[in-house]
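Remarks on the structure that follows.
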Protein chains: 2
Amino acid sequence: MHDEQHKLDFESSLGPWLGKTTKIMDYYLHEALQKQGLDLTKEQMIVLKKLHDNDGLNQNELAFLTFRDKSSLARLLSKMERKDYILRKQSAEDKRNNEVFLTPEGREVFKRTKPVMKSLMRTMEKDITSEEKKRVIEILKRVQHNFTAETATL
Amino acid sequence: MHDEQHKLDFESSLGPWLGKTTKIMDYYLHEALQKQGLDLTKEQMIVLKKLHDNDGLNQNELAFLTFRDKSSLARLLSKMERKDYILRKQSAEDKRNNEVFLTPEGREVFKRTKPVMKSLMRTMEKDITSEEKKRVIEILKRVQHNFTAETATL
DNA sequence: TAACATTAGTTGCATGTGCAACTAATCAAT
DNA sequence: ATTGATTAGTTGCACATGCAACTAATGTTA
């Protein structure tokens with residue numbers, strides 16, 4: 001009885017459900033990328049996306065935008081540079097900064113990931129109305145805000 | 001115009017919102033555990049939870065329940081064994097199986113994580129009604145089902 | 001029973017992650 | 001201008017992850 005109650009507490013929390021759903025999504029996302037022969041991880045795809053939206057960002061900005069440690073981002077970029085998806089260019093104004101640019105190969109790969117993502121999103125949202133999506137996203141925004149507001153307090 | 005439309009497509013998808021929210025949650029979860037001096041990762045906590053619910057599971061079952069590769073789980077267990085949170089006991093009936101048990105230390109640590117999790121969940125769900133939570137969870141269940149049903153088809 | 005297949009677990013390899021310590025460049029202040 | 005603080009990026013370390021190849025034990029079948 002006691003145990004059941006406690007289990008229910010956990011199960012009725014958003015946290016575990018978010019975690020598990022994301023894990024499953026990541027798994028099928030990875031599978032979809034592999035299946036299309038795209039030599040790319042989810043994380044690298046996110047970086048490509050940010051550069052696609054705003055080419056020439058420096059590593060610091062990219063780390064912030066992708067919510068990553070700068071060291072983690074640096075290593076992501078190294079792998080992407082080896083694959084010729086991006087290139088680092090030291091800024092002339094401030095030699096500490098590396099501006100990061102998409103290469104034509106990077107653009108091409110990102111272009112090829114778009115339909116894969118579209119298809120994956122279609123699958124995952126199959127029976128979910130646009131009203132429901134909007135409501136979920138609105139709540140997720142509030143959750144994010146609750147965390148970031150919490151820190152501001154500390 | 002074109003770009004904006006495409007950007008909106010991405011932003012109105014559940015995927016990126018789930019991913020980002022989970023990333024933020026994991027970050028604060030990790031921070032909360034550290035702050036309480038709990039020598040434990042989120043992943044190790046999940047394993048403790050499953051063992052708390054069902055002690056003596058073997059590694060295969062644990063891997064399935066936690067949605068992990070068996071190799072990943074094996075390494076998690078090795079670290080948890082070093083910290084004396086769990087112990088492996090070779091099954092007498094089938095010597096291939098390792099039954100995994102919580103140690104008293106493991107039980108104690110899990111007990112101490114519970115209030116941390118409770119507090120974190122309270123923070124993240126601060127302004128979210130129980131009705132909203134239920135609706136979100138129901139939709140996440142459908143998302144999960146959409147993925148797993150998809151695979152069954154392949 | 002001997003040969004083959006399956007199963008549980010481990011290990012090598014490559015990926016991604018954050019923290020802390022480091023270098024190099026720039027900024028600030030005396 | 002020299003000294004000290006800050007900033008961008010890199011690297012060492014420890015952790016988590018999946019796949020593929022491996023071992024050991026069990027099951028199956030001829």
Side-chain angles (χ1 to χ4, degrees), chain A residues 19 22-35 38-48 56-83 85-100, chain B residues 19-20 22-35 38-47 56-83 85-100:
Chain A
T22 301
K23 201 160 199 293
I24 293 173
M25 176 180 74
D26 286 353
Y27 178 85
Y28 288 108
L29 167 48
H30 183 251
E31 185 179 77
L33 289 173
Q34 296 303 302
K35 201 166 284 180
L38 288 162
D39 180 14
L40 196 67
T41 64
K42 172 202 172 199
E43 292 78 17
Q44 294 175 11
M45 184 198 70
I46 292 173
V47 172
L48 288 189
L57 291 165
N58 67 40
Q59 299 190 194
N60 217 27
E61 294 163 335
L62 267 176
F64 177 78
L65 288 172
T66 61
F67 206 67
R68 263 171 187 75
D69 191 83
K70 56 184 179 165
S71 66
S72 183
L73 183 91
R75 280 181 275 241
L76 268 184
L77 290 183
S78 296
K79 273 151 200 148
M80 295 172 75
E81 203 169 27
R82 261 193 269 131
K83 292 194 278 194
Y85 291 169
I86 59 110
L87 58 90
R88 292 158 150 126
K89 193 151 49 178
Q90 191 183 49
S91 164
E93 298 85 48
D94 187 337
K95 280 188 252 175
R96 288 172 304 182
N97 286 38
N98 283 346
E99 291 160 355
V100 185
Chain B
K20 188 177 174 198
T22 301
K23 201 160 199 294
I24 293 173
M25 175 181 73
D26 286 353
Y27 178 85
Y28 288 107
L29 167 48
H30 183 251
E31 186 179 74
L33 290 173
Q34 296 304 301
K35 201 164 282 178
L38 287 162
D39 180 15
L40 196 66
T41 64
K42 172 200 170 199
E43 292 77 16
Q44 294 174 12
M45 185 198 70
I46 292 173
V47 172
L57 290 165
N58 66 39
Q59 299 191 194
N60 216 29
E61 293 163 335
L62 267 177
F64 177 78
L65 288 173
T66 60
F67 205 67
R68 262 171 189 77
D69 190 84
K70 57 184 178 166
S71 66
S72 183
L73 183 92
R75 280 181 274 239
L76 268 184
L77 290 183
S78 296
K79 272 150 200 149
M80 296 172 74
E81 203 170 27
R82 261 192 269 132
K83 293 194 280 195
Y85 292 169
I86 58 109
L87 58 90
R88 291 158 152 127
K89 191 150 52 177
Q90 191 182 52
S91 164
E93 298 86 46
D94 186 337
K95 280 188 251 174
R96 290 172 303 183
N97 286 36
N98 283 347
E99 291 160 355
V100 185

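Per chain, numbering begins at 1; letters A, B, ... match sequence-line order. Computed from a predicted model, the values in this text were never measured in an experiment.
- Side-chain contact between A:Leu40 and A:Leu48: present, with at least one pair of heavy atoms (C-beta onward) separated by less than 4.5 Å.
- Around the NZ atom of A:Lys89, the shell of radius 6.0 Å holds no more than 12 heavy atoms that belong to other residues, nucleotides or ligands.
- Within 6.0 Å of CZ on A:Phe64 lie no more than 12 heavy atoms contributed by other residues, nucleotides or ligands.
- In this structure, A:Asn60 reaches the D:dA8 phosphate: one of its side-chain N or O atoms is under 4.0 Å from OP1 or OP2.
- Here C:dA8 presents its P atom at 15 Å from CZ of B:Arg88, a figure rounded to the nearest Å.
- The nearest whole Å value for the distance from the CG atom in A:Asn97 to the P atom in C:dT26 is 9 Å.
- Atom NZ of A:Lys83 and atom C1' of C:dA14 are 11 Å apart (whole Å).
- Place A:Asp94 and B:Glu99 on DNA chain C by their nearest nucleotides, and B:Glu99 ends up nearer the 5' end.
- B:Asn98 has a side-chain polar atom (N or O) that falls below the 4.0 Å cut-off from OP1 or OP2 of C:dT10.
- Under 4.0 angstrom from either OP1 or OP2 of C:dT10 there lies at least one side-chain N or O belonging to B:Gln59.
- Other residues, nucleotides and ligands place no more than 12 heavy atoms under 6.0 Å from the NZ atom of B:Lys20.
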Contact string for nucleotides 14-21 of chain D, one letter per nucleotide 5' to 3', B = base within protein heavy-atom range under 4.0 Å, S = sugar-phosphate only, - = neither, reads -SSBBB--
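- As rounded to whole Å, 16 Å separates atom C1' of C:dA8 from atom CZ of B:Phe64.
- Checked options B:Glu99, B:Lys70, B:Arg88; the residue passing with B:Gln59 is B:Arg88 (criterion: side chain to side chain contact (heavy atoms under 4.5 Å, CB included)).
- The separation between B:Glu93 atom CD and C:dA8 atom P is 14 Å, rounded to whole Å.
- The number of heavy atoms from other shown groups lying within 6.0 Å of NZ (B:Lys23) is above 12.
- Here the C1' atom of nucleotide C:dG16 and the CG atom of A:Leu77 are 13 Å apart, to the nearest Å.
- Distance check: B:Lys79 NZ to B:Lys83 NZ gives 9.0 Å after rounding to the nearest 0.5 Å.
- Taking atom CG of residue B:Leu33 and atom P of nucleotide C:dG18, one finds them 16 Å apart after rounding to whole Å.
- Rounded to a whole Å, the CG atom of B:Asp26 is 12 Å from the P atom of C:dT17.
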